[in-house]
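This report refers to the structure that appears directly beneath it.
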There are 2 protein chains.
Amino acid sequence: MSQVQSLRIESMCESARSHVDDLLVLLSKSKMLSILYIMNCDPTPMRFSEIKKRVDSSSTTVARRLGELETNGLVTRTAYATVPATVEYTLTKDAISLHPSLKSMFEWVLNRADKSL
Amino acid sequence: MSQVQSLRIESMCESARSHVDDLLVLLSKSKMLSILYIMNCDPTPMRFSEIKKRVDSSSTTVARRLGELETNGLVTRTAYATVPATVEYTLTKDAISLHPSLKSMFEWVLNRADKSL
DNA sequence: GGCACAGGTTACAACATTGTTACAAAAGAA
DNA sequence: TTCTTTTGTAACAATGTTGTAACCTGTGCC
């Protein structure tokens with residue numbers, strides 16, 4: 001293999017690794033796993049206030065997380081021109097496909113939390 | 001149900017919820033999922049330097065993460081009086097039981113990272 | 001007009017986390 | 001004696017993240 005090819009492949013791997021890292025950083029942000037889990041458990045469009053109530057965090061943080069999820073194509077945001085405003089968030093297919101992992105991870109967490117009581 | 005009972009149960013739930021939150025905070029710390037995944041994929045005792053190399057982070061952060069994992073009963077640390085010092089880290093049974101979730105989560109991440117190239 | 005509501009945004013101060021640098025211990029090799 | 005190695009720790013400055021408080025929109029209701 002030429003040095004050029006080798007370098008190109010290496011840089012591809014670098015790029016792939018950085019994408020992986022980006023995703024892990026995204027998933028590791030505070031409340032992110034909770035938001036995904038909550039939305040996955042109740043797979044109907046969910047309103048901002050409902051999500052905020054369930055994850056128990058500030059508007060700022062919830063808005064930030066939802067924005068990041070939207071940017072990364074994991075949720076879609078739909079605003080309705082009602083009064084007062086209604087906004088619904090829905091998980092995309094990609095996010096839904098994460099559900100099995102998320103579910104078993106939360107089962108592990110719940111199980112462990114139980115034991116430590 | 002008496003008010004006392006109701007309060008007790010409520011406080012138990014509060015306590016359980018806080019344990020869940022603590023675990024999620026732990027798992028959401030930087031490099032934590034990577035460390036658990038790396039160690040789970042190669043389920044033999046792993047040395048500090050090997051972990052550090054594979055997660056590609058500073059000694060400080062790796063040491064902090066491993067310390068937190070040990071505190072939470074997810075890894076055991078064994079030091080050998082060789083020269084220079086040798087220290088091996090092993091996942092506990094509890095951490096190993098997280099492997100299926102972790103594995104499918106990483107598959108999802110890798111899959112998504114691939115697509116975004 | 002003034003208030004309420006949902007769903008945010010902005011600015012900012014407080015707090016948390018990170019990597020860097022320097023250091024340490026222990027003993028064998030040069 | 002000094003160098004090397006592994007596995008860290010301590011201090012600290014830089015950076016990142018959080019919640020709070022204030023504010024905004026648009027409109028129906030009193």
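Just so we're on the same page: letters track the sequence lines, and every chain starts at 1. These numbers come from a predicted model, not from an experiment.
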Exercise. May I ask you to say what A/T82 touches in the nucleic acid, namely base, sugar-phosphate or nothing, with a heavy-atom cut-off under 4.0 Å?
Key: nothing
For [X], which residues count as a side chain to side chain donor-acceptor pair (under 3.5 Å) partner, sequence neighbours excluded?
X: B/T60; value: none
X: B/T44; value: B/D42
X: A/T76; value: none
X: B/S58; value: B/T61

Quiz item: Within the distance-only criterion (no hydrogens, no angle test), does the side chain of A/T92 pair as donor or acceptor with the backbone N or O of A/G73 below 3.5 angstrom?
Solution: yes
Exercise. Could you tell me whether the side chain of A/T86 and the main chain of A/T82 form a donor-acceptor pair under 3.5 Å?
Key: no
Quiz prompt | For chain B, the stretch of DNA chain C it reaches, first to last nucleotide, under 4.0 Å of its heavy atoms | solution = C/dT17 to C/dA27
Quiz item: How far apart are the C-alpha atoms of A/R54 and A/E50, what are their side-chain angles, what is the distance that settles it, and do they pass the salt bridge (charged side-chain N to carboxylate O under 4.0 Å, His left out) test?
Solution: CA-CA 6 Å; A/R54 294 207 202 181; A/E50 179 66 18; 2.6 Å; yes
Exercise. Compute the bend angle of the helix from C/dG1-D/dC30 to C/dA30-D/dT1 from the end axes (five pairs per end), rounded to 10°.
Key: 30°
Pair up each side-chain donor or acceptor in residues 30-40 of chain A with any protein partner under 3.5 Å, not counting sequence neighbours, and list the distances.
{"unit_1": "A/S30", "atom_1": "OG", "unit_2": "A/R65", "atom_2": "NH1", "d": "3.1"}
{"unit_1": "A/N40", "atom_1": "ND2", "unit_2": "A/L36", "atom_2": "O", "d": "3.4"}
{"unit_1": "A/N40", "atom_1": "ND2", "unit_2": "A/A95", "atom_2": "O", "d": "3.4"}

Quiz item: What residues form a salt bridge (Lys or Arg N to Asp or Glu O under 4.0 Å) with A/K93, not counting sequence neighbours?
Solution: none
Practice problem: Could you pull out all residues at least two apart from A/E107 that satisfy salt bridge (Lys or Arg N to Asp or Glu O under 4.0 Å)? | Solution: A/K103
Quiz prompt | Residues touching DNA chain C, which here means a heavy atom under 4.0 Å, drawn from residues 25-45 of chain B | solution = B/K29, B/S30
Self-check item: Contact pattern, 5' to 3', of nucleotides 1-8 of chain D - B, S or - by protein heavy atom under 4.0 Å
Solution: ----BSSS
Practice problem: Let me know the distance between OH of A/Y80 and C1' of D/dG26, rounded to the nearest Å. | Solution: 19 Å
Practice problem: Write out all pairs satisfying ring-ring contact (aromatic ring centres under 6.0 Å, His included) with one or both partners inside residues 70-89 of chain A, taking only residues at least two apart or from two chains. | Solution: none
Practice problem: With the side chain counted from C-beta on, respond yes when B/S59 and B/F48 share a heavy-atom pair under 4.5 Å apart, and no when they do not. | Solution: yes
Practice problem: Indicate the atoms forming the closest heavy-atom contact of B/V20 with A/L110, along with that distance. | Solution: CG2-CD2, 3.6 Å
